Amino acid sequence: MALPLMLLFVFPLIASFFFAARSIFDLAGWAALFIHPQLWSGLQLSLITGLVSASLSVLAALLIVSGLYQTKWWPRIPSQVGAMLAVPHLAMAIGLAFLIMPSGFIARGVAMFTGWQTPPNWISTHDPYGLALVASLVIKETPFLMWILVSILNREDVQRNFAGQRAAAVSLGHDMKSIWLRIFLPQILPKLIWPLLVVFTYAATVVDMALVIGPTQPPPFATIVWADINDADILYNARGAAGAVFLSLAVAGVAVLVWGLVKAFAMKREWLMTGPTARDIIRPSGPFSTSWRRAELLRGVHNFTLLHTSGEGGPKGRMRSLLARFLFSKVLLLYLLVTATLILLSFAILWPFPQLWPQTLSMAAWLRVWSNPSALITSLLVAGATTATAIAIIIAWLESQPQRRDKLILLLSASALGLPAILLTLGQYRAFLLLNLTGTATGLFLAHLIPVTAYMFIVLAAPYRSFDPRWRASASGLLCSVPKFLWTIKFPLLKAPLLAASAIGFAVSFGQYVPAQLIAAGRYSTLPMEAVTLTSGTNRPLTAAFALLLMAPPLLAFIAAAHFGKSRWSTA
Amino acid sequence: MIITRRALLKLTAFAPFIAGSAKAADWSVLTAEAKGQEVFFNAWAGADNINAYIAWAGEQVKTRYGVTLNHVKITDTAEVVKRVRDEVKVGKKDGSVDLVWINGENFHAMKTEKLLFGPFAETLPNFALVDTKGKPTTQHDFTEATEGLESPWGMAQFTFFGDGAKISAPPKSMIELAAFAKANPGRVTYPAPPDFHGTTFLKQVLIEVTPDRSVFAKPIDAAAFAELAKPCLAFLDEIRPVLWREGKQYPKSQSEVTQMVADGELLIGLTFNPNEPANLVAAGTLPKSTIAWQHAGGTIGNTHFVAIPSNAKAKAGAQVVANFLLSAEAQARKNDLKIWGDPTVLDVTKLSAEDAKLFTAAPAPGSVSIPGPAILEPHASFVALIESTWLSHFGNG
Amino acid sequence: MSLVLEKLSVYLGDSRIFEPLSLTVAQGEIVTVMGASGSGKTSLLSAVAGDLPEPLYAVGLVILQGRDLTRIPPESRRIGRLFQDDLLFPHLTVGENLLFGMARGPKIERQAMLKMALQHLELEGFENREPHTLSGGQRSRVALMRALLAKPDAMLLDEPFSKLDKTLRSTIREYTYSHLQERNIPTLLVTHDPEDVPTGGRVIYV
């Protein structure tokens, strides 16, 4: 049962790989690629923006998560991060662009004081270095990595182990910073490899965000490839295919290189065990202090507390949590600003510079959305169906297959996400064409199922596999049947990761643009497809309305997952 | 709404008589076959007014001919060319595209690769109304003979626009545009090719700086083009430092330029639809003080068409739709500034007085006041050379 | 030099977890704390160590080697701890675990101390082994040695023998006590098992 189900995911994926790999052999495409004037400059831009944004995202995510770990802010993180995850990349880019562009909100605010009548010559969006692109990627990817980190740290077994190890390390003289660096991180990082690879590949190969906010001459290489793949000219198609392969190789090469460097650093393990950080810093405070305390005590002032450090860990710990809260609140603020901007834009018909408020407001965009909800309905149906199918596939697999086989599916999932989407799409399109699946609902469904299953498997496999086997043992002791055990014990206990994975799957499906356009030949119009076609036009209110509409259902899914996923038994 | 429902019904009743073609019998067979068919019309969907117009056309063909029209929303027609080619290659007979909005190099590609059904266009009853004499581009798409493989839909002519409150004397030639850009540094630009507005801007420069324009009617090779392009590149280099972002970055599309004009970041926008500025004024996107103009020496004009892929499933239905799109009523509605503002391909003098009246409209803010002559598109072989030459000169900032 | 508790008690809001406790643990002395489950034995140890989890808080005074620990963060208190689990860090080797708490200093000295410790543990050659490849008894000894290498001024033992099997239990117990006494370390031991009480040692009930 599990195997044929899994084939729904595996077969189209392998077919896609196969056809993507075939484009390696088109020599004309390669020849054209290597004389493309923007090959090296565009590639350099892609790799650097990818690397910088991935590094900054992981740094920010670690700073925030480590600073807030087990403080009173900790329990609220999943729902807040979930809400941020729901904002589509495209919506973020559109909203952020309107904040920072020369005719955007910030410039209008400045103009109030400087009296500008025309927008300044700021190079804020489409800057040649890709800084705006990096910024929007970091804002989008930090919550994703935080989500992963929080879900690792909130696992029951990890919580238990880390609490003990932390107490042990404290008693050996290490403060929280040292414990994060030497105890927690080395154990978490191996689990972060795939998410990091996904983030890096995404950043280095993103098309839609790059078009909205990225550099244009040269543009990131992925946008060149995407344009080539969609061109009418066969030679350009071949060049695009070669470009997709080349970009994938470059991304993989850089990833391996960086991984090698990190590993080489980790191999020099001395930093792991340079002695304790705190032990010899603070000297005994001497008899004076004690006698002073004693005197105080004798005077009856006895009600003072001993410092307890759960979470904050002294003044340095408070600084860290302050920094973490500062960073986190700024990220949250940006999401709120972007959302507010999109809401305003969706009503603003005419809004000349330097006015702070639109000159003409209109409901037209929303009426238009309301009058034709078919794209929304299609997207909801597809997202619901693929998420449900994916969870069935994954649970069937995890329940029936030995854990060692997970590696294969994890590898496939990771390559489905870690390989540039453009390459995979190219192969998928060619495969589906031969299978006569283009332009069909089945094709659309299967094309959505691939990323949804891949994401959900990666998110779900680890918590599912680490489910304490003793539960099963004690349940068999109670003569409990397998389905009954699953429904009454295992699923409720794994509620949080199951719901979280479903929310992610739903959001991933909801945000897919390429399948509807390329695989379904536009015959089934989905919400992102409408949104992207609209961004090629001039109707900004409608684009903003669609961006908001893209955001709402995944947002609801994440909020629901965070709400219903709360454990009723947890006491920590 | 100008057209009342009653007027619509009357028009329908007259349509076959106006067409009055010898093939009336064949046509009735075709409409019978079309009944109940589902036509997937692949058309650029970046403008909501155009989408709304297509939706209207869908309602009409449904009630009149029982043909279901589905608008497949696309961002770039090149996607469709590729898709049809790929489908034909793998032998897919019931193709996913029945009708496509097309012109220029995309048509050229589909025609040379024999991906088009036809000839069908000139046997459509309503084709008799087309102004093939006054508007020769209705039969020559980028100098390529259409040979009935595509049916004309609307007219286009390269047009500039901006806010009349900020522009006292609009530049009426590329030389004047250069002077304007120098006087207003950072406020003028053009979209980067392969956006076809960007490519057309470059064609316009090329034509204006080339003394002998006969070269544009014939195919050209890379060596000849390199020679021809020299004055054009010199002109572009000259204006580059005063362009938006000092000519190091270019907007990716015409609509981005339009948005920046609306926001006040740029002073001059460009479009292929002379009525787009007026339409955007009517929609409220551009201010009422907007003006539009064409160069005194003329600007590039062309026609856009609809075509039927060779592997289309609903060929009869597609022809019925194409014919409806050529009807006086559909063309008049499309011509209406408040609806779309896309100029008609019809010869209004061939129409009945009543129909002709539909095409008269009071001048609206944002309209072109003194039209410049239409210049024919250079041969389709110029497009790829213009794009690659531009890219190697300006592609790296 | 000793570990002194003065009127130490732990609160949850207004309710007291255990009655104020005053106690002096002399150098090399092992004082056993006994009491029913939930009587606050572990809270007592946490209050001394300084890492009571919120919202618990402690009232009173802890004085170690003459210094008042009130405002000293737990990692700087020089108090070693052993737990029910050995809590060896799984991503570090046996040698690295032992070095983890050893004071900073020249590499050669630290390595020499590590070598001595391994000899003492009779685990020469185990330096690069992963903790999970060791037997339960070996791991307990490594955990003790790790704590001792950090040169604590006091030790807190939180039922460290409860998970060991019977035969191993007494050996490890003797091993632990002899080391603590040899080093003159004042020790608080929490346990359920009367057998754990060292001969002639004081027992406190909470």
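Letters A, B, ... mirror the listed sequences (proteins, then strands); counts begin at 1. Since we're looking at a predicted model, the values are computed, not measured.
- Atom CD1 of A:I123 is separated from atom CH2 of B:W244 by 9.0 Å, given to the nearest 0.5 angstrom.
- There is no contact between A:Q359 and chain B, counting heavy-atom distances below 4.5 Å.
- For B:R83, the parts lying under 4.5 angstrom from a heavy atom of chain A are both the backbone and the side chain.
- Residues satisfying the ring-ring contact (aromatic ring centres under 6.0 Å, His included) criterion with B:H304, sequence neighbours excluded, are B:W101.
- Contacts between B:Q254 and chain A at a heavy-atom distance below 4.5 Å are absent for every atom of the residue.
- The main-chain N or O of A:W122 is found under 3.5 Å from a side-chain atom of B:R245 such that the two form a donor-acceptor pair.
- With respect to A:H126, the side chain to side chain donor-acceptor pair (under 3.5 Å) criterion is satisfied by exactly one of B:E256, B:K252, B:K248: B:E256.
- Contact of A:L45 with chain B is not made at all, since no heavy-atom distance falls under 4.5 Å.
- A donor-acceptor pair under 3.5 Å is formed between the side chain of A:Q38 and the backbone N or O of B:G395.
- Checking side-chain atoms of A:N436 against main-chain N and O of B:K92 turns up no donor-acceptor pair under 3.5 Å.
- Interface residue B:Y250: backbone and side-chain heavy atoms are both found under 4.5 Å from chain A.
- A search for salt bridge (charged side-chain N to carboxylate O under 4.0 Å, His left out) contacts involving B:D76 returns nothing, not counting sequence neighbours.
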